[in-house]
Amino acid sequence: MSEYTFLRGPADWWRQAVVYQIYPRSFADVNGDGIGDFAGIIDRIPYLASLGIDAVWLSPFYPSDLADGGYDVADYRNVDPRIGTLAEFDSMIQELHKNGIRLFVDIVPNHSSDQHEWFQAALTAGRGSAERERYIFREGKGENGELPPSNLVSHFGPEGWTRVEDGQWYMHLFAKEQPDFNWANQEIRDDFLKTLRFWSDRGVDGYRVDVAHALIKDLEGELPDRDSYALEVMMGDGTDKLFDRDEVHDIYKTWRKVFNEYDPPRVAVAEAWVHAHRRPAYASAEGLGQSFNFDLLVQPWNAQKFKETVTYNLAAAEREGSSTTWVLSNHDNIRHATKYGMPDNLNLHDWQHNGAKSQLPKIDLVKGANRARAAVMFELALPGSTYFYQGEELGLHEVFDIPADQMQDPQWFRSGGTKFTRDGCRVPLPWTSAGSSFGFGPGGAHLPQPSWFGEYSVERAEGDVDSTLHLYRKALKLRKTLLTIEKYEWVRTWNRNVLHFKRPNGWHCITNFGSKPVKLPKGEVVLSSAPLVGGKLPADASAWVIAK
Ligand code: GLC
Ligand code: CA
């Protein structure tokens, strides 16, 4: 058995897997209702296979009122009829597996949709009922309970409590259509185990666990106040009443038991925005097994910041026995080709969370695209798994001109437009350079596509040997042959703007974050993100070199 097959053996296939995130409603639409569907995904399996990915992760496809793009789940064991049927789900997974692609599904345990039958039952059953015990209902403050039980601001802003007809209030860390479950209730715990078995029995290989750090809350005594909904506020250290409490891991131990009932064991990755030193518990082999590291996604294009991120996370992964994840884009963030084209001195975080109403920063599209190409080669050469977001393989840019009346993101509405809209990265994909919704489907797209989308279409990219799409394919193909044990070593470069690391089999990756071309080490250049200039690696580029 070669080292490679050993690494991708049945049980640890996920450790260095490349996972492609599909946002189902925006991927491909077959029946022409403007919403992507399973039939669309099935149609595009040859495309997915041509990329050379190991797995697909589907954002929620469950029945939903779409108050938060499907992260408001009305039925955990069913499919949104606008997306497809369970039978189509089965065909899709079968087709994916036939093509050597595994499947992750999103699981959303912190909250359901307010349309979930349990929440509806809680509303009817009234105060003190067993039905209300499945969620977090409390009496309000003030003479007639007219004030919320605490000053809790939700993540999307503003209030985190909503009052129901009989006067009680329920807690929601996100939109009001996303009531938080009461995980102290055994019924909730049992029901999620049932859901995990339901999808695992259908062949699902892994789970991406939404807001994995929020399930357990300390609601004894004074209820928690929160005057901000910034992400940092969600990052506790075990002492916070709402986030990242140690007891949450008891839940994931019971999930792990279910995962291990299967062969190969089902796997999971936690979406837990916690401090880096709190991640190992989520990634433990007795827990979910892997936890997202979003550190690269939040870094600006800067050699030293990239280096620190890699060094820290790979050391942590080695200590904890898990493998780390590399992520540059997802459905919650500005597409990285666009981000890297923004001014280097911009405080992007501040702009995204407090300043979206102000002027859009100036964007250098070419610089952004070059850096994005360099970044993907950088991450793919590292030990660990890599998560792509649909469209990044096209070098696709963020859409900033969606008219307010067509936006869908509750983060934008609830913050009064102060926070950026995540709709800009969720615009349906361009498959063709012209025609109805650029090949997304025959009936338009649920979010408007800009006129320039065709230039980034799959069709256009297919016909251009130097396109980002072809770069992704070449990189993934090479990576399969080069992949080795999860070790790496920094090589000194004498230039603060250049990063160079090597893997034990002589695979070197060099990235030039600076503005001047740099020399490459001796060996065969097997891939570069930009043409070499007189044998040198230009600015904003990466090369893979096999040492001789
Ligand atoms: C996660 C999802 C995001 C969603 C939120 C609430 O952060 O990635 O899209 O809005 O959870 O479910
Ligand atoms: Ca459709």
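Just follow the structure's listing: the first ligand is 1, and inside any ligand the first atom is 1. Excluded from the calculations below are hydrogen atoms, water molecules and symmetry mates; all remaining heavy atoms, backbone and side chain alike, are included. Predicted model, so just to flag it, every value in this text is computed and none were measured.
Each of Phe192, Phe89, Tyr207 was evaluated against Trp199; a single residue qualifies, Phe89, per the ring-ring contact (aromatic ring centres under 6.0 Å, His included) test. A side-chain hydrogen bond (donor to acceptor under 3.5 Å, both in side chains) with His446 holds for exactly one of Gln406, Gln408, Arg426, Arg25; it is Gln408.
With rounding to the nearest 0.5 Å, the separation of CZ in Phe438 from OG in Ser433 is 8.5 Å.
In terms of heavy-atom proximity, Thr418 sits nearest to Asn354 at CG2-O, 3.3 Å. Pairing each heavy atom of Lys339 with each of Leu328, the nearest pair is NZ-O, 4.4 Å. Summarising the geometry of Asn78 relative to Tyr62, their closest heavy-atom pair is O-CD2, 3.3 Å, with the distance given to 0.1 Å. Leu429 and Leu396 make their closest contact through CD2-CD2, 4.0 Å (heavy atoms, listed as atom of the first residue, atom of the second, distance). Of all heavy-atom pairs between Lys217 and Phe181, the closest is NZ-O, 4.4 Å.
The N, O or S atom of Asp29 with the smallest distance to the Ca ion (ligand 2) is OD1. Nearest N/O/S atom of Asp33 relative to the Ca ion (ligand 2): this is OD1.
In terms of protein heavy-atom proximity, atom 9 (O) of ligand 1 is closest to Asp332 OD1, 2.7 Å. The nearest heavy-atom contact from the protein to atom 10 (O) of ligand 1 is Asp68 OD2, 2.6 Å.
Residue contact check: Arg426 has heavy atoms under 4.0 Å from atoms 9 (O) of ligand 1. Residue-ligand proximity, Glu271 to ligand 1, at heavy-atom distances under 4.0 Å covers atoms 1 (C), 7 (O), 8 (O). Close contacts between ligand 1 and Val211 involve ligand atoms 11 (O) [criterion: under 4.0 Å to a heavy atom]. The ligand atoms of ligand 1 that sit less than 4.0 angstrom from a heavy atom of His331 are 2 (C), 3 (C), 8 (O), 9 (O). Listed by number with element, the atoms of ligand 1 under 4.0 Å from a non-hydrogen atom of His111 are 6 (C), 12 (O).
Applying the 6.0 Å contact sphere to NZ of Lys176 captures no more than 12 heavy atoms from other residues, nucleotides or ligands.
No heavy atom of Gln411 sits closer than 4.0 Å to any atom of ligand 1. Using a 4.0 Å heavy-atom cutoff, Arg422 is listed among the residues neighbouring ligand 1. Look at Phe156 and you'll find a heavy atom under 4.0 Å from some atom of ligand 1.
Figure legend: cation-pi geometry between Arg414 and Phe156 absent, as NZ or CZ is not positioned both under 6.0 Å from the six-membered ring centre and within 45° of its axis.
Among Val209, Asp72, Asp210, the residue whose heavy atom sits closest to atom 11 (O) of ligand 1 is Asp210.
Rounded to 10°, the angle formed at the Ca ion (ligand 2) by OD1 of Asn31 and OD2 of Asp37 is 90°.
The Ca ion (ligand 2) has no N, O or S atom of Gly40 under 3.0 Å away, backbone or side chain.
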